[in-house]
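Chain letters run A, B, ... following the sequence lines, proteins first, then strands; residues in each count from 1. Small disclaimer: the values here were computed from a predicted structure and weren't measured. Hydrogens, waters and symmetry mates are skipped; everything else that's a heavy atom, side chains included, is used.
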Protein chains: 2
Amino acid sequence: MKQSCLAPSEIESRLKAAGVQPTAQRIAIARYVLCEADHPTAEQVKSWADANFPKMSMATVYNTLNALVDAGLLKKHAFPHLNEATYDDNITEHYHLLDEKTGRVFDLDPADVKVTTKLKGVRIKEVDVFIRGSRA
Amino acid sequence: MKQSCLAPSEIESRLKAAGVQPTAQRIAIARYVLCEADHPTAEQVKSWADANFPKMSMATVYNTLNALVDAGLLKKHAFPHLNEATYDDNITEHYHLLDEKTGRVFDLDPADVKVTTKLKGVRIKEVDVFIRGSRA
DNA sequence: ATATAGGTCTTGAATCATTCTAAACAATAA
DNA sequence: TTATTGTTTAGAATGATTCAAGACCTATAT
C-alpha cells in the first residue's frame, strides 16, 4: 500500500510547494510519514527519529506534524480506540477499518464503502466511517 | 428527543436489573444522563452534580459513568472533534451528526443513513459514522 | 562577508482528561 | 457486633499535547 520511498530532495520540493520551509528535521519526518510509516502516532515518529536522526525533541515532532497537517500534506485522525492521534499520508477521501485481532488500521477505498443518507436540511461537509471487525 | 424523566425508584430498578448497586450517587448520575442530559461529558455531569447533589468527587463521576457503560446502560463516544468523551443514553445502533455551526451532536437514525460495503474477508462487528455539516 | 530579522529547535514547565491509590465510609451478613 | 465487601473521597499519578523562553539557524540585504 506504500509507494516506494522518495528521495530527500523530492520531499524538499514537496514541502516548498506546500509552503513549508524544508528544514532537516522536517524533511526527515516528512519522509518517514509519507514514505515509510503506516498511520503512525507522534510517539512512533519520535521513536523513529531517536533511531534515525541525530537529535530531535518531542516538541519538534508535534510542531512538524501539525505543520504538515496545516499544509495539507497529512491528515490527523482521532480514532475512537486510541487516546493518541495518528497521522495519515492518504489525504484523499477514504474510510478506516480496525482489525481488532491485530489492532492495525487499514484504509478503505470509498468504492468499497458507500454511505447514502436521506437527511433533509443538512449540508454535509465530511463523512467519517470507522469499522471495527476482523480480517480473515 | 428525550423521554420524560424517570422517578428515582424507576432508575433504581433499572440499575439493579443491570447488576449495578444503586447508591445515591449512582441514582443521581444515572437519572441525569438517562433523562435530562444530551451527550454530556464527564465535566458536564460533574457540573450538574455540583449544583444538584450534596457532594460528589470527580472520581465518582468517572467511576459511575464507567459502571453504567459496563452495565450496558450507556455508551461512551470518542468524537473526533472533542478531546473528552461523551456519554449517550441511546444504546441502539445509530450514527452522529455534528452541526459545525453550533457544536451540537445529533443522533441519526440508521434508517436515514445506510452504509453498504463490498468488503471481502472481513467480519464486521460495528460501524461508526460521524458526519460533519450544518443544519438549515 | 556581515548584520539583521524572522523562523525554528530545544528544554522543561503547564494543561487537560482520565485513572490510580489509599484511606475513610457505608451497608450487609454472620 | 464484628467481619466482609463494595463505594466514595481527595489527591497524586499518568499520558498526550501544547506552551514559553531562550538558543540557534538561515535567508536576504547591505
Side-chain angles (χ1 to χ4, degrees), chain A residues 8 11-13 15-16 18-30 32-33 39-50 52-71 73-88 103, chain B residues 8 11-12 15-16 18-33 39-50 52-71 73-88 103:
Chain A
I11 295 286
E12 192 172 339
S13 314
L15 292 179
K16 272 192 244 169
V20 177
Q21 277 196 35
T23 65
Q25 307 47 1
R26 286 173 181 172
I27 292 169
I29 290 179
Y32 174 65
V33 297
H39 296 110
T41 64
E43 198 55 47
Q44 289 169 331
V45 174
K46 178 66 161 65
S47 298
W48 174 88
D50 286 347
N52 298 278
F53 196 88
K55 188 172 200 285
M56 195 179 305
S57 72
M58 197 66 208
T60 294
V61 171
Y62 276 107
N63 288 341
T64 299
L65 289 171
N66 288 339
L68 296 177
V69 169
D70 291 347
L73 295 171
L74 221 51
K75 202 156 168 13
K76 179 180 184 173
H77 293 299
F79 292 131
H81 70 299
L82 286 180
N83 58 345
E84 49 193 327
T86 63
Y87 297 85
D88 195 341
Chain B
I11 295 287
E12 194 174 337
L15 292 179
K16 271 190 246 169
V20 177
Q21 278 197 36
T23 65
Q25 299 62 348
R26 287 173 179 172
I27 292 169
I29 289 180
R31 193 169 187 232
Y32 174 64
V33 297
H39 296 109
T41 64
E43 197 55 48
Q44 289 169 331
V45 173
K46 179 64 162 64
S47 298
W48 175 88
D50 287 345
N52 298 278
F53 197 87
K55 187 171 200 289
M56 195 180 303
S57 73
M58 197 67 205
T60 295
V61 171
Y62 277 106
N63 287 343
T64 299
L65 290 172
N66 287 339
L68 296 177
V69 169
D70 291 347
L73 295 171
L74 221 52
K75 201 158 170 11
K76 180 179 185 173
H77 293 298
F79 293 130
H81 70 301
L82 286 180
N83 55 348
E84 50 193 327
T86 63
Y87 297 85
D88 195 342

Spacing of [X] atom [atom1] relative to [N] atom [atom2], expressed in whole Å:
X       : N      : atom1 : atom2 : result
A:Lys46 : D:dG15 : NZ    : P     : 16 Å
A:Met58 : D:dA20 : CE    : C1'   : 18 Å
B:Asp50 : D:dT8  : CG    : P     : 16 Å
A:Asp70 : D:dT17 : CG    : P     : 15 Å
A:Phe53 : C:dT10 : CZ    : C1'   : 13 Å
A:Gln44 : D:dT17 : CD    : P     : 11 Å
B:Met56 : D:dA10 : CE    : P     : 11 Å
A:Asn63 : C:dT8  : CG    : P     : 10 Å

Is the A:His39 ring parallel, tilted or perpendicular to the A:Phe79 ring (thresholds 30°, 60°)?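 A:His39 vs A:Phe79 ring planes: perpendicular.
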Step by step, would you call B:Leu15 with B:Arg26 a side chain to side chain contact (heavy atoms under 4.5 Å, CB included)? CA-CA 8 Å; B:Leu15 292 179; B:Arg26 287 173 179 172; 4.2 Å; yes
Can you tell me how far apart [atom1] ([X]) and [atom2] ([Y]) are? Round to the nearest 0.5 Å.
X       : Y       : atom1 : atom2 : value
B:Ile11 : B:Arg31 : CD1   : CZ    : 7.0 Å
A:Ile29 : A:Lys46 : CD1   : NZ    : 10.0 Å
A:Met58 : A:Asp50 : CE    : CG    : 9.0 Å

Have a look at [X] and say if it touches a base, only the backbone sugar-phosphate, or nothing, with a 4.0 Å heavy-atom cut-off.
X       : answer
B:Gln25 : sugar-phosphate
B:Thr23 : sugar-phosphate
B:Gln21 : sugar-phosphate

Can you check side chain to side chain contact (heavy atoms under 4.5 Å, CB included) on A:His77 and A:Tyr87, steps first, answer last? CA-CA 6 Å; A:His77 293 299; A:Tyr87 297 85; over 6 Å; no
Using the closest heavy atom to pick a nucleotide of DNA chain C for each, name whichever of A:Val61 or B:Ala59 lands nearer the 5' end.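 Counting from the 5' end, the first nearest nucleotide belongs to A:Val61.
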Taking for each residue the nucleotide of DNA chain D with the nearest heavy atom, is it B:Arg26 or B:Lys55 whose nucleotide lies nearer the 5' end?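 Nearest nucleotide further toward 5': that of B:Arg26.
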If you take any heavy atom closer than 4.0 Å to DNA chain D, which residues from residues 78-87 of chain B end up in contact?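 None, since no heavy atom is under 4.0 Å.
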Counting only side-chain nitrogens and oxygens, does B:Tyr62 get under 4.0 Å of the OP1 or OP2 atom of C:dT18?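 Yes, because at least one side-chain N or O of B:Tyr62 sits under 4.0 Å from OP1 or OP2 of C:dT18.
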Taking 4.0 Å as the cut-off, does a side-chain nitrogen or oxygen of A:Ser57 come that near to OP1 or OP2 on C:dT10?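 A:Ser57 to C:dT10 OP1/OP2: side-chain N or O found under 4.0 Å.
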Given A:Thr60, A:Thr64, A:Val61, the one that forms side chain to side chain contact (heavy atoms under 4.5 Å, CB included) with A:Val45: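 Answer to the side chain to side chain contact (heavy atoms under 4.5 Å, CB included) test with A:Val45 among A:Thr60, A:Thr64, A:Val61: A:Val61.
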